[in-house]
Amino acid sequence: MFWDKRFETMDRQELRRHQLEHLNITLKEAAKSPRYGQLLKERGVSELKSLDEIQRLPFTGKQDLRDHFPYGFLSVPLDKVVRMHSSSGTTGNPTVVFHTKGDLDNWAGLVARNMYMSGLRPGDVFQNIMGYGLFTGGLGFHYGSEKLGAMTIPAGAGNSKRQLWFMRQFKTTAAHILPSYALKLSTYLAEEGLDPRKDLHLKYFYIGAEPHTEAMRQEIERIYGVKAFNSYGLSEMCGPGVAFECLEQNGMHLWEDHYLMEIIDPKTGELLPDGQEGELVLTSLRREAMPLLRYRTRDLTSILAGDCPCGRTHRRIARFKGRSDDMLIINGVNIFPMQIEATILAMPEVGNHYVIEVLKENFLDRIHLKIEVREAAFSGTLPALESLKERIAAALNTELGVHVKVHLVEPGTLPTAEGKAVRVFDKRNQQ
Ligand code: ADP
Ligand code: ZN
């Protein structure tokens, strides 16, 4: 059941004591980096008496990492560093993160904990369909799966034909895959006349690295006949392994023995009570090369109430709504792309691929939504397509409170990305 029972089921009080102890160790180590050395001296903080005192520490943002590139946050001498990684650069220049041997070992342990929790065991065959290289999704899961003892296929991203070949030859039982790529691969499998539920041996999918809705997860589970577990992480906190779903699939346990979490109001920076949605802020408790204090992830979530029936004591966070910078302001109304995804995936005639374009028309903002419809619906009559379009627009109007111009396109015609999906094109500034 448990990879690491002592830590996974640690009594909350003991967990908090462990957190305070490691927070103070982290503070001492962080102070050895040029940037934190200066910041902590300015604030006169060297030790905290309780976890609540964390508010005395400054926030750290992505921009700080860029401003002090490359070594401003490095807390150990270079001869202790064995690896660097970098974030994907979804929202600007990449930032670099350094690791000691101890960091890599802890990280692999966390990923193994997650995979074990889902049911993966030695004897399973794990295909890692993620980019290997600076992106942490590849190597992060690779070492986790090896640590657990599963046969690991470092398949890398893309190339559906080769992915299928591995899956068939080695009877792959588990895969780490981007939700957007899982859908793309399913189109290829259908073209090959295969039914993944019958023709493959898949049991577990680990999906993450990009926002996706519950409807998207269910669609992936339906197509492949797997359990698809939501997996969250970010390069600044090692990578995947920060939070993960257990078998209950009801929120992700955020591993509080390694990361201290706060949820704040992204505008004011004020701490929000449990249950309220806000920006996730993380402090690493076990990182050596580059500990980060109160790192603003910009990812929006909330802490779920109540204990999890699985017996793990680490609090759960809700599925991410997206990043605070994903929010579109349409004529004053705040909209998240995930709201659009949730609405359209609820309609059976609609396919899985969509693109959102925002334009200025007559000085007003206007969303154009291009959606691939399913083969059966597309070959329907014109009035049927018109009525589908109207129904989608009406459903979106109810959900979002704005009018969306819907365009139905043929299956397989929208562009797909090799890495994380890019679905929103805000062209208002280019007009
Ligand atoms: P980048 O910030 O350049 O994308 P990373 O590769 O470090 O760099 O990606 C981390 C980010 O990916 C997270 O901050 C979050 O926005 C997104 N992400 C990761 N896992 C998930 C998930 N399960 N659900 C939603 N978003 C996720
Ligand atoms: Zn649980």
Side-chain angles (χ1 to χ4, degrees), residues 1-3 8-9 61-63 65-66 84-97 107 111 113-114 116-119 130-141 157 176-180 182 205-214 216-217 220 228-256 259 266 279-282 292 295-301 304 306-327 336-338 341 417 419-423:
M1 263 283 274
F2 300 101
W3 172 257
E8 290 176 53
T9 60
K62 216 172 183 97
Q63 194 55 41
L65 302 186
R66 290 190 184 122
M84 70 161 261
H85 271 287
S86 145
S87 77
S88 346
T90 312
T91 58
N93 291 329
T95 47
V96 284
V97 180
W107 182 17
V111 175
R113 182 191 286 189
N114 294 322
Y116 196 88
M117 180 165 74
S118 75
M130 283 278 167
Y132 275 71
L134 290 169
F135 174 53
T136 53
L139 290 173
F141 261 81
H176 179 210
I177 188 166
L178 287 169
S180 53
F205 264 18
Y206 309 117
I207 56 172
E210 61 185 20
H212 57 283
T213 53
E214 178 61 29
M216 176 75 87
R217 178 253 283 281
I220 291 170
F229 297 92
N230 195 1
S231 149
Y232 172 76
L234 63 164
S235 309
E236 293 79 1
M237 298 289 143
C238 285
V242 174
F244 211 88
E245 277 177 340
C246 63
L247 292 176
E248 300 293 322
Q249 292 184 298
N250 180 18
M252 292 180 279
H253 287 284
L254 191 136
W255 298 119
E256 298 183 85
Y259 303 102
E279 178 181 347
L280 177 67
V281 172
L282 294 171
L292 291 178
Y295 183 71
R296 293 192 57 161
T297 65
R298 299 186 288 182
D299 296 322
L300 300 174
T301 183
L304 299 180
D307 297 333
C308 186
C310 79
R312 293 175 181 84
T313 48
H314 301 241
R315 286 176 296 172
R316 289 162 300 158
I317 53 171
R319 181 176 295 283
F320 285 94
K321 191 171 171 187
R323 302 186 197 226
S324 50
D325 27 75
D326 284 345
M327 191 176 79
F336 281 92
M338 282 304 110
E341 180 176 303
K420 300 190 185 205
V422 185
R423 295 198 178 98

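Atoms within a ligand are numbered from 1 in the order they appear, just like the ligands themselves.
At a 4.0 Å heavy-atom cut-off, ligand 1 does not touch K321 at all. By the criterion of a heavy-atom distance under 4.0 Å, neither the backbone nor the side chain of M252 is placed next to ligand 1. In Y232, the parts holding a heavy atom less than 4.0 Å from any atom of ligand 1 are both the side chain and the backbone. Residue contacts with ligand 1 for T136 are absent, since no atom lies close enough (heavy atoms, distance under 4.0 Å).
Across the listed options P240, A209, G419, A209 owns the non-hydrogen atom lying nearest to atom 21 (C) of ligand 1. Counting heavy atoms only, G233 comes closest to atom 10 (C) of ligand 1 of the residues G233, S231, S87. Summarising the contacts of atom 26 (N) of ligand 1 with P211, A243, G137, the nearest heavy atom is found in P211.
Residue R298 places every heavy atom at 4.0 Å or more from ligand 1. Contact analysis puts K62 in contact with ligand 1, with a non-hydrogen atom separation below 4.0 angstrom.
Ring pair F141/F244 is tilted by interplanar angle, where 30° to 60° counts as tilted.
Inter-residue side-chain proximity for Y206 and P240 is flagged as unmet; no heavy-atom pair is nearer than 4.5 Å.
Centred on the Zn ion (ligand 2), the angle running from C246 (SG) to H253 (NE2) is recorded as 110°, rounding to 10°.
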